[in-house]
Amino acid sequence: MTQLARWAVALSISAVGTCTSTHCEAADEVAVTPYRPTVSTPAALSATGWIEVEFGLLNSSGGAPPPRDSAPYVIKLAFSENWGVRIGGELWVRDTGAKGRNIDGIGDTAFVLKRRFAVNEQSAFGLEWGVMSPTAPAGLHGGSGGTDYGVNAIYSTDFAAAFHTDINYSVTRVGSAAGGASRDLALWAAALSYAVNPQWGLTGELSGTQQSGAEPTRQLLLAATYSPYKLMTWDFGVARGITTATPSWSVFAGCTFLVSRL
């Protein structure tokens, strides 16, 4: 955890440095597009031509899943307003309940291609095609432990001046299914955000998964966001599991920031 804290501090300094460097003068019109901390993602892509990074710390405990600590990350690049890619995963994972001992290592890695379909200035649809590679050691997989392929459908809209919603529904063909469960996994998520002012925001989300032959998962997430600059947003919050297959409690914090324009 000490090493993880050092990484977090280093990334924070990098984010602040990014926002105080000379190229920020040319970036007054761009802003971050955070996908974290919700399960759902918006239809919007990050600023065109900019490398955007997300990093966070997550602790989950209680329920049937073993306690787990992780450091999720995402690196995003949009080629245009409608096309983009991202790479994500976990820089570090610790399973604190694995056979009575801790297991540490890197997590699985996901590669995603994204397409946005604008409806008007307030609304858009989106499609994401992704593959998750089992780069984690045994016992630390964020996916199935095999190579997972999935597609995610998105609808996002702004309404009533300060509100925004993201609705996702995805289907994943998992590479490995245990205990006679189906290899087809469905995930749904609906998030509602409220902009308190230009710096502060509030988010609530209900999400879950459904897989034949396996217990469903459900969780309620509540979070707050703070944007000291257009190029950086901090987030923190909690998630409460509603089913036994979901961790009882999750606590998280993280940051989204623009690194550099290509």
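Computed from a prediction, not measured in an experiment: that's the story for all the values here.
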K.L.:
Side chains of Thr135 and Thr109: any donor to acceptor distance under 3.5 Å?
P.N.:
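Note: Thr109 and Thr135 side chains meet the donor-acceptor criterion.
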K.L.:
Please tell me whether Val85 and Met132 are part of a single hydrophobic cluster in this structure, the criterion being side-chain heavy atoms less than 4.5 Å apart.
P.N.:
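Per the 4.5 Å side-chain linkage, Val85 and Met132 are not co-clustered.
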K.L.:
Is there a donor in the side chain of Glu128 and an acceptor in the side chain of Thr41, or the other way round, less than 3.5 Å apart?
P.N.:
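Yes.
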K.L.:
Quick check against the 3.5 Å criterion: does Glu52 have a side-chain atom that pairs as donor or acceptor with the backbone of Leu258?
P.N.:
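Not a single qualifying donor-acceptor pair exists.
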K.L.:
Checking Asp166 against Ser156: is there a side-chain donor and acceptor pair closer than 3.5 Å?
P.N.:
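Side chains of Ser156 and Asp166: pair found under 3.5 Å.
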K.L.:
Could you walk me through whether His164 and Tyr194 pass the side-chain contact (heavy atoms from CB on, under 4.5 Å) test, one step at a time?
P.N.:
CA-CA 7 Å; His164 175 87; Tyr194 174 69; over 6 Å; no
K.L.:
Got a second to check how far Leu185's CG is from Ser212's OG, nearest 0.5 Å?
P.N.:
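Reported value, rounded in 0.5 Å steps: 11.5 Å.
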K.L.:
Please check: side-chain N/O of Thr147 versus main-chain N/O of Ser133, any donor-acceptor pairing under 3.5 Å?
P.N.:
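Answer holds: no.
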K.L.:
Judged by atom type as modelled, is there a donor-acceptor pair below 3.5 Å linking the side chain of Ser227 to the main-chain atoms of Tyr229?
P.N.:
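Pair absent, no side-chain N/O of Ser227 close to backbone of Tyr229.
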K.L.:
Rounded to the nearest 0.5 Å, how far does OG1 of Thr48 lie from CZ of Phe79?
P.N.:
10.5 Å
K.L.:
Could you check whether Tyr226 and Trp200 have their ring centres less than 6.0 Å apart?
P.N.:
yes
K.L.:
Determine yes or no for a side-chain-to-main-chain donor-acceptor pair under 3.5 angstrom, with Glu205 supplying the side chain and Val39 the backbone.
P.N.:
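Answer holds: yes.
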K.L.:
Please state whether the rings of Tyr155 and Phe125 are parallel, tilted or perpendicular, taking 30° and 60° as the class boundaries.
P.N.:
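Correct class here is tilted.
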K.L.:
For the atom pair CD (Glu81) and OG (Ser46), what is the distance rounded to the nearest 0.5 Å?
P.N.:
11.5 Å
K.L.:
Under 4.5 Å between side-chain heavy atoms, hopping through other hydrophobics if needed: is there a path connecting Ile154 to Ile167?
P.N.:
no
K.L.:
Determine whether a donor-acceptor pair (N or O, by modelled atom type, separation under 3.5 Å) exists between the side chain of Thr38 and the backbone of Ser40.
P.N.:
yes
K.L.:
Distance from Asn152 atom CG to Leu187 atom CG, nearest 0.5 Å?
P.N.:
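Going from the CG atom of Asn152 to the CG atom of Leu187 covers 7.5 Å.
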K.L.:
Going from CZ on Arg86 to NZ on Lys114, what distance comes out if it is rounded to the nearest 0.5 angstrom?
P.N.:
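Arg86 CZ to Lys114 NZ: 5.5 Å, rounded to 0.5 Å.
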K.L.:
Would Val196 and Leu202 count as a side-chain contact (heavy atoms from CB on, under 4.5 Å) if you check the C-alpha gap in whole Å, the side-chain angles of each, and the deciding distance to 0.1 Å?
P.N.:
CA-CA 7 Å; Val196 179; Leu202 300 173; 4.0 Å; yes
K.L.:
Determine, for Asp184 against Arg173, whether the closest basic-nitrogen to carboxylate-oxygen distance falls under 4.0 angstrom.
P.N.:
yes
K.L.:
Spell out, yes or no, whether Leu220 and Val238 are grouped together once hydrophobic residues are joined by side-chain heavy atoms under 4.5 Å, including indirect joins.
P.N.:
no
K.L.:
Determine yes or no for a side-chain-to-main-chain donor-acceptor pair under 3.5 angstrom, with Asn168 supplying the side chain and Ala189 the backbone.
P.N.:
no
K.L.:
Looking only at atom types and distance, does a side-chain atom of Glu54 sit under 3.5 Å from a main-chain N or O of Tyr35, one as donor and one as acceptor?
P.N.:
yes
K.L.:
Do Thr217 side-chain atoms and Thr209 backbone N/O form a donor-acceptor pair below 3.5 Å?
P.N.:
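Side chain of Thr217 to backbone of Thr209, a donor-acceptor pair under 3.5 Å: yes, one is there.
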K.L.:
When you check the side-chain N and O atoms of Ser193 and Thr203, is any donor under 3.5 Å from an acceptor?
P.N.:
yes
K.L.:
Please round to the nearest 0.5 Å and tell me the distance separating atom CZ of Arg68 and atom CG of Leu58.
P.N.:
8.0 Å
K.L.:
Using the side-chain contact (heavy atoms from CB on, under 4.5 Å) rule, take Phe163 and Thr157 through it: C-alpha gap first, then chi angles, then the decisive distance, then the call.
P.N.:
CA-CA 9 Å; Phe163 288 91; Thr157 188; over 6 Å; no
K.L.:
Does a donor on one side chain and an acceptor on the other come within less than 3.5 Å for Asp104 and Trp92?
P.N.:
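Present: a donor and an acceptor within the cut-off.
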K.L.:
Taking Leu45 as the starting point, is it possible to reach Leu262 by hopping between hydrophobic residues whose side chains are less than 4.5 Å apart?
P.N.:
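Looking at the clustering, Leu45 is in a separate group from Leu262.
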K.L.:
For Phe117, is the CZ atom crowded, meaning more than 12 foreign heavy atoms sit under 6.0 Å from it?
P.N.:
yes
K.L.:
Say whether, by atom type as modelled, one donor and one acceptor occur between the side chain of Arg183 and the main chain of Val174 under 3.5 angstrom.
P.N.:
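Yes; at least one donor-acceptor contact below 3.5 Å.
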K.L.:
Are Phe55 and Ile51 linked, directly or through other ILVMFWY residues, by side chains that come within less than 4.5 angstrom of each other?
P.N.:
yes
